[in-house]
Amino acid sequence: MIKVMGQTREFTPVERYLLTVAPTIRTVKSLNDGDVIDVAGYLEFIDEKEDGTTTELMSIITTDHAVFSTQSVTFKRSIKDIETAMQGCFPFPVKKITGQSKAGRDYVDCVLDIDSLKVE
């Protein structure tokens, strides 16, 4: 069962399928460092499995309808920060990066890919 917690816009039924249950969804972790995706919107939702376990996810749809999903708090925060900086203007390009916490744990993150933008 999917419970939508937030979305950047009203998605079509096909987009909602692609963002939540399509087997073609890739994880953000599967991207290589430096890979750039054009964020056309995102959907935040809770995915409840039949056994009762839940996962809070963000799925990002690109301009070519590819979908990447993550449960990384850091990545989700960065997407929202970039959206705020871009004043809600979609699409915007983000570059996947990784880092390591002080405790030595790897994490995924993203930055606005300013090389893809014409910055004045």
Side-chain angles (χ1 to χ4, degrees):
M1 173 195 254
I2 302 296
K3 181 179 178 186
V4 175
M5 303 304 291
Q7 56 191 22
T8 53
R9 63 179 168 86
E10 199 60 40
F11 291 103
T12 67
V14 171
E15 289 172 325
R16 189 174 291 272
Y17 165 78
L18 292 172
L19 286 158
T20 57
V21 295
T24 53
I25 296 172
R26 293 177 50 198
T27 64
V28 167
K29 284 183 180 182
S30 72
L31 293 167
N32 294 317
D33 273 8
D35 282 352
V36 176
I37 60 172
D38 290 316
V39 178
Y42 63 82
L43 182 87
E44 293 180 283
F45 62 99
I46 295 175
D47 184 14
E48 184 176 349
K49 300 296 183 192
E50 290 181 17
D51 65 3
T53 59
T54 61
T55 308
E56 292 183 28
L57 298 165
M58 174 188 276
S59 284
I60 299 157
I61 193 164
T62 66
T63 52
D64 61 356
H65 291 98
V67 175
F68 298 89
S69 190
T70 186
Q71 53 184 315
S72 165
V73 173
T74 303
F75 194 94
K76 291 188 278 188
R77 183 181 327 111
S78 291
I79 287 287
K80 289 179 181 181
D81 289 345
I82 293 167
E83 176 191 9
T84 299
M86 296 298 289
Q87 300 176 334
C89 293
F90 289 92
F92 54 79
V94 297
K95 183 186 304 184
K96 187 248 186 178
I97 60 172
T98 56
Q100 194 170 64
S101 71
K102 291 179 183 176
R105 294 189 54 180
D106 292 334
Y107 62 88
V108 294
D109 201 354
C110 65
V111 296
L112 182 65
D113 183 35
I114 59 172
D115 293 336
S116 297
L117 298 172
K118 294 182 180 170
V119 180
E120 295 178 15

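Please read all numbers here as calculations on a predicted model, not as lab measurements. The first residue in the sequence is number 1, and the count goes up from there.
For the pair T27 and S30, the tightest heavy-atom approach, listed with the atom from each and the gap, is O-OG, 2.6 Å. Here the closest heavy-atom approach between residue I2 and residue T20 is recorded as CG2-CG2, 4.0 Å. The nearest pair of heavy atoms linking T70 to S72 is OG1-N, 3.0 Å. What you find for I79 and F92 is that their closest heavy atoms are O-CZ, 4.2 Å.
How far CD1 of I60 is from CD1 of I25: 11.5 Å, rounded to the nearest 0.5 Å. The CD1 atom of I82 sits 10.0 Å away from atom CZ of F90, with the distance rounded to the nearest 0.5 Å. To the nearest 0.5 angstrom, L19 atom CG is 9.0 Å from H65 atom NE2. How far CZ of R77 is from SG of C110: 11.0 Å, rounded to the nearest 0.5 Å. With rounding to the nearest 0.5 Å, the separation of CD in E44 from OG in S69 is 10.5 Å. To the nearest 0.5 Å, the span separating CD on E50 from CD on E48 amounts to 10.0 Å.
In terms of the ring pair (Phe, Tyr, Trp, His ring centres under 6.0 Å) criterion, F45 has no residue partners (sequence neighbours excluded). Contacts of Y17 classified as ring pair (Phe, Tyr, Trp, His ring centres under 6.0 Å), with partners at least two apart in sequence or in another chain: none. D47 is linked by a salt bridge (charged side-chain N to carboxylate O under 4.0 Å, His left out) to K49, counting only residues two or more places apart in sequence or in another chain. By the side-chain contact (heavy atoms from CB on, under 4.5 Å) test, A85 is found to be paired with no residue, residues two or more places apart in sequence or in another chain being considered.
Linking ILVMFWY side-chain heavy atoms closer than 4.5 Å, directly or via other members, places L117 and V94 in a single hydrophobic cluster. V67 and V108 fall into different hydrophobic clusters, where Ile, Leu, Val, Met, Phe, Trp and Tyr are joined by side-chain heavy atoms under 4.5 Å apart, directly or via other members. No path of Ile, Leu, Val, Met, Phe, Trp and Tyr side chains, each step under 4.5 Å between heavy atoms, connects M58 with I61, placing them in separate hydrophobic clusters. Note on L57 and V21: same hydrophobic cluster, where clusters join Ile, Leu, Val, Met, Phe, Trp and Tyr whose side-chain heavy atoms are under 4.5 Å apart, directly or indirectly. In this structure, I46 is not a member of the same hydrophobic cluster as L18, with clusters built from ILVMFWY side-chain heavy atoms closer than 4.5 Å.
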- Verdict with reasoning, F11 to V4, per side chain to side chain contact (heavy atoms under 4.5 Å, CB included): CA-CA 12 Å; F11 291 103; V4 175; over 6 Å; no
- Kindly indicate, with the supporting measurements, whether the criterion side chain to side chain donor-acceptor pair (under 3.5 Å) is fulfilled by T74 and D109. CA-CA 6 Å; T74 303; D109 201 354; 5.9 Å; no
Could you give the side-chain donor-acceptor pairs of residues 34-43 under 3.5 Å, partners two or more places apart or in another chain?
unit_1	atom_1	unit_2	atom_2	d
D35	OD2	N32	N	2.9
Y42	OH	E83	OE1	2.5

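In summary, the side chains of D106 and T98 do not present any donor paired with an acceptor at a separation below 3.5 Å, with no hydrogens or angles considered.
A side chain to side chain donor-acceptor pair (under 3.5 Å) check over residues 84-97, counting only residues at least two apart or in different chains, returns the pairs D33-K96.
Looking at E15 and Q7, their side chains never come closer than 4.5 Å, going by heavy atoms from C-beta outward.
The number of heavy-atom neighbours closer than 6.0 Å to CD of E56, taken from other residues, nucleotides and ligands shown, is 12 or below.
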